[in-house]
Amino acid sequence: MTEHQTAAVGQDTVSVVLAGVGGQGILLASEILARAALAAGFDVKTNEVHGMAQRGGSVIAQVRFGREVFSPLVARGSARVLGALERVEALRQHQFLASDGLAVVSSQMVVPVTVSSGQAAYPADVEQRLRAAFPRLVYVDAVEKATRLGNHRAANLVVLGAMAHALDLPDEAWHEAVRSSVKPQHVEVNLKAFAAGQECAQL
Amino acid sequence: MKELLSGNEAIARGAYEAGVSVATGYPGTPSTEILEAAVRFRDDIYCQWSPNEKVALEVAAGAAFTGARAIVTMKHVGLNVAADPLMTLAGTGTVGGLVIVVADDPGMHSSQNEQDTRHYARFARIPILEPSDSQEAKDFVSLGLELSERHRTPVILRTETRVSHSRSLVDVSDRKPSSKAIGFEKNPSRFVAIPLWARPMRVRAEERLETLREEVNQSPANRVEWRDRKLGILTAGIPYQYVREVFPEASVLKLGWSYPFPDELIRQFAEGVEQLLIVEELDDIVEEHVRALGISCRGKDLVPRIGELSPDVLLTVRAKLLGDRVAKPLAAGPAVRMDDLPSRPPVLCSGCPHRGIYHALGKFDVVVTGDIGCYSLGVLPPLSRMDTLVCMGAGVSMAHGMDKAGEPRRVVGILGDSTFFHSGITGLLDIAYNRGASTIIVVDNRTTAMTGHQPHPGTGHTLMGHDTPAISIEEIGRACGIKNVVTLDPYDVKKTTAVLKEAIFSDEPWLVISRGPCLLDVRQRLGTPRHVTEDVCRECGVCLKLGCPALEGGEGIPHVNPMLCAGCGLCNQVCPVGAIEFEKEATS
């Protein structure tokens, strides 16, 4: 890769990839991130996969922000942060992350039907592979943390909180984004989950 | 004021602001959310889901003939269904603005084929607009309506997956109601396409194309961005965004209104650059035309014609064209093993009523002609119980064809409720009329599930939220002439199997309605989670053949994930040793 090309793809634009399994709250996390970037004054584009999102398949969402964003799609090797709510899904999307990027991976394991029906095996050494693939890795049991805070479904906010560490957006922008994206009765637990995630990344 | 909108939401917003008063469509990824967003403006826009795209276009055209502004939405394959009215509407033209919004799906994220809607614009000799972000998606609705009224022509607005499902900032403003009075003006020579008047319509369509050709060169929807003149790129739609990113130094001719082709603009641009590259997604429609103009260019020799483009794809194009080296994925990152990761295709949800039917079908040596919807997922292992999929309705008609050809096995057609109303009824009529013997199963989950739970004629309510009579599939079946019409509960394994056995081996056609609501739609569990009793389970794996995501197998005793289990009870019925019980019973 020449220097010229590195600069050509998405100069000044921050790219983020979120990965997981349909139903885990990937789309909500990407919406909160987009709103936070917007609240911080950036141009924003997002991309998400619809249709199959609730049918248990692999899901990814992409968010890009900066002074002026062109492509809604992230080029390989260019994401500043990769967040994943399932560990195999983190590996599956690892090619998006820049070599100095931050990976935040929830240690959750969701067994695909391909494994249950004996067509494939769930690798036993996923954690080792994650550590080898991502020099900057935050590996956290987000579901356990969210459950302790009162709602296991807020695991996505734990991951997002840890991702925020590498995104340089003001806390107030994040909080405003959470408030405008979730139902009023869920704001508190989501803010707590976000803060718990932030703590994980600082360790 | 700026809002972060998806392309689909922006199209709905555009319709609202431009004074559209009728919006119709049939759901289809990636177009579905347009009408779902439009109905938020229900005080100003009448919105409806039609049974299929042909009907939807005809309803919108009827509205437009009275002077109303109308849009109709569909996915690319929907335009095939609506092609019949389209081709003649191109002759009659319209009075009120008529914009046909068609969403292509390059890369087939959620489609049975990959087709380029631009062909239809050329085929019908009507204008096509191609937005490249949400702002343009909104603006081009108004531009399209205005062109449509001024030139008395339907206009296609072509979006695609990455425009429809990407969010970007949009300037929103107030609604400007259309100034046209509603009232159909009798004028047979304009609106009645009998040969006598269809011949002059044909001539008028050609003349209109000439007028449009002159205007397209001046349109603000098309623009030249001069930068370095060594390389000029002609592009349209979403690839424009990739071009800006991967070729930041190049001059660009960006087409927003791409047919009829703006020849003058293309010539000027080509003369102003040393080398011309055409970057278009899917077919080489512009490139073919540019070459016919005698202009040399690069294009499909570098840019793939199959699948969707992306910054990554254009980086490869750039490398081939300019000799830059291509970026390696994860340039400096350590290599890890990836080839053994288990794939995770979408699956029927836990508790899905379709699973019971597929399990029962697994007991018979039959050919299953399938159709388009969530139940298409029954083709994948471990269910593996669907054998064909072509288009909406083909699950019914193709069963009859196999039967008439003398297929030695019995043939069963399967389709969903929304698909039945879309295109299944005529096939059923054909089976009854032409003395068929197929079994047709309607898996009736009371919604259009795959696209996100849109109402349809069988649901008893409309997109506008009004109650309406729920049309009975059973009664339609009988009215079509099918004598054997039976409704079953797909969660009852024994009865389902018995009914299918009787239907499949009968010499007469059967209509079997398998009724159970989509659990994602009604947001309910059917019972308490199941539990595998370890000392009873013999690890035979029969339960795992249901392909239920709540039943986690792999090594050892299967485990029920209580967070996913919907308590449907299929697994405890299929377990040969009674090892699966209700959680409550297991713990008591």
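Bear in mind that the values here come from a model prediction, so they are computed numbers and not experimental data. So that the names make sense, note that chain A is the first sequence line, chain B the second, and so on, each numbered from 1.
- Using a 4.5 Å cut-off between heavy atoms, B/I238 touches chain A through its side chain atoms alone.
- Using a 4.5 Å cut-off on side-chain heavy atoms (C-beta onward), A/K45 and B/S166 make no contact.
- Only the side chain of A/L38 comes within less than 4.5 Å of a heavy atom of chain B; its backbone N, CA, C and O stay farther away.
- For B/K230, the NZ atom counts as loosely surrounded, since its 6.0 Å shell holds 12 or fewer non-hydrogen atoms of other residues, nucleotides or ligands.
- Scanning all heavy atoms of the two residues, the minimum distance from B/Y242 to A/L73 falls at OH-CD1, 3.2 Å.
- Your options are B/G553, B/G554, B/P342, and the one with the most heavy-atom pairs under 4.5 Å with chain A is B/P342.
- Top candidate by heavy-atom pairs under 4.5 Å with chain B, chosen from A/Q62, A/R92, A/R35, A/E31, is A/R92.
- The contact between B/P549 and chain A is made by backbone and side chain atoms together, counting heavy-atom distances below 4.5 Å.
- Residue with the most contacts toward chain A among B/D340, B/L546, B/V163: B/D340 (heavy-atom pairs, distance under 4.5 Å).
- Around atom CD of B/E555, no more than 12 heavy atoms belonging to other residues, nucleotides or ligands sit under 6.0 Å away.
- For a residue to count as touching a neighbouring chain, one of its non-hydrogen atoms must lie under 4.5 Å from one of that chain's; by this rule B/L169 touches chain A with backbone and side chain alike.
- Between chain A and the residues B/S168, B/S310, B/S343, the most heavy-atom pairs under 4.5 angstrom are made by B/S343.
- Side-chain contact between B/R167 and A/V44: absent, with no pair of heavy atoms (C-beta onward) separated by less than 4.5 Å.
- Surrounding CZ of A/R153 are at most 12 heavy atoms belonging to other residues, nucleotides or ligands under 6.0 Å away.
- Atoms CZ and CG, on A/F96 and B/D312 in that order, are 7.0 Å from each other to the nearest 0.5 Å.
- Inter-residue side-chain proximity for A/S71 and B/Y240 is flagged as unmet; no heavy-atom pair is nearer than 4.5 Å.
- Within 6.0 Å of atom NZ in B/K545, 12 or fewer heavy atoms from other residues, nucleotides or ligands are found, so the atom counts as exposed in its surroundings.
- Of the two parts of B/L309, only the backbone, made up of N, CA, C and O, holds a non-hydrogen atom closer than 4.5 Å to a non-hydrogen atom of chain A.
- Listed by sequence position, A/V110, A/V111, A/P112, A/V113, A/T114, A/V115, A/S116, A/S117, A/Q119, A/A120, A/A121, A/Y122, A/P123, A/R129 are the residues of residues 109-130 of chain A in contact with chain B, using a 4.5 angstrom heavy-atom cutoff.
- Only the side chain of B/C374 comes within contact range of chain A, with at least one heavy atom under 4.5 Å from a heavy atom of that chain.
- Ion pairing between B/R244 and A/E68 fails under the 4.0 Å rule for side-chain N and carboxylate O.
- For chain A, the nearby part of B/D133 is the side chain; its heavy atoms alone come within less than 4.5 Å.
- With chain A as partner, the option from B/R162, B/M338, B/Q241, B/R344 having the largest number of non-hydrogen pairs under 4.5 angstrom is B/R344.
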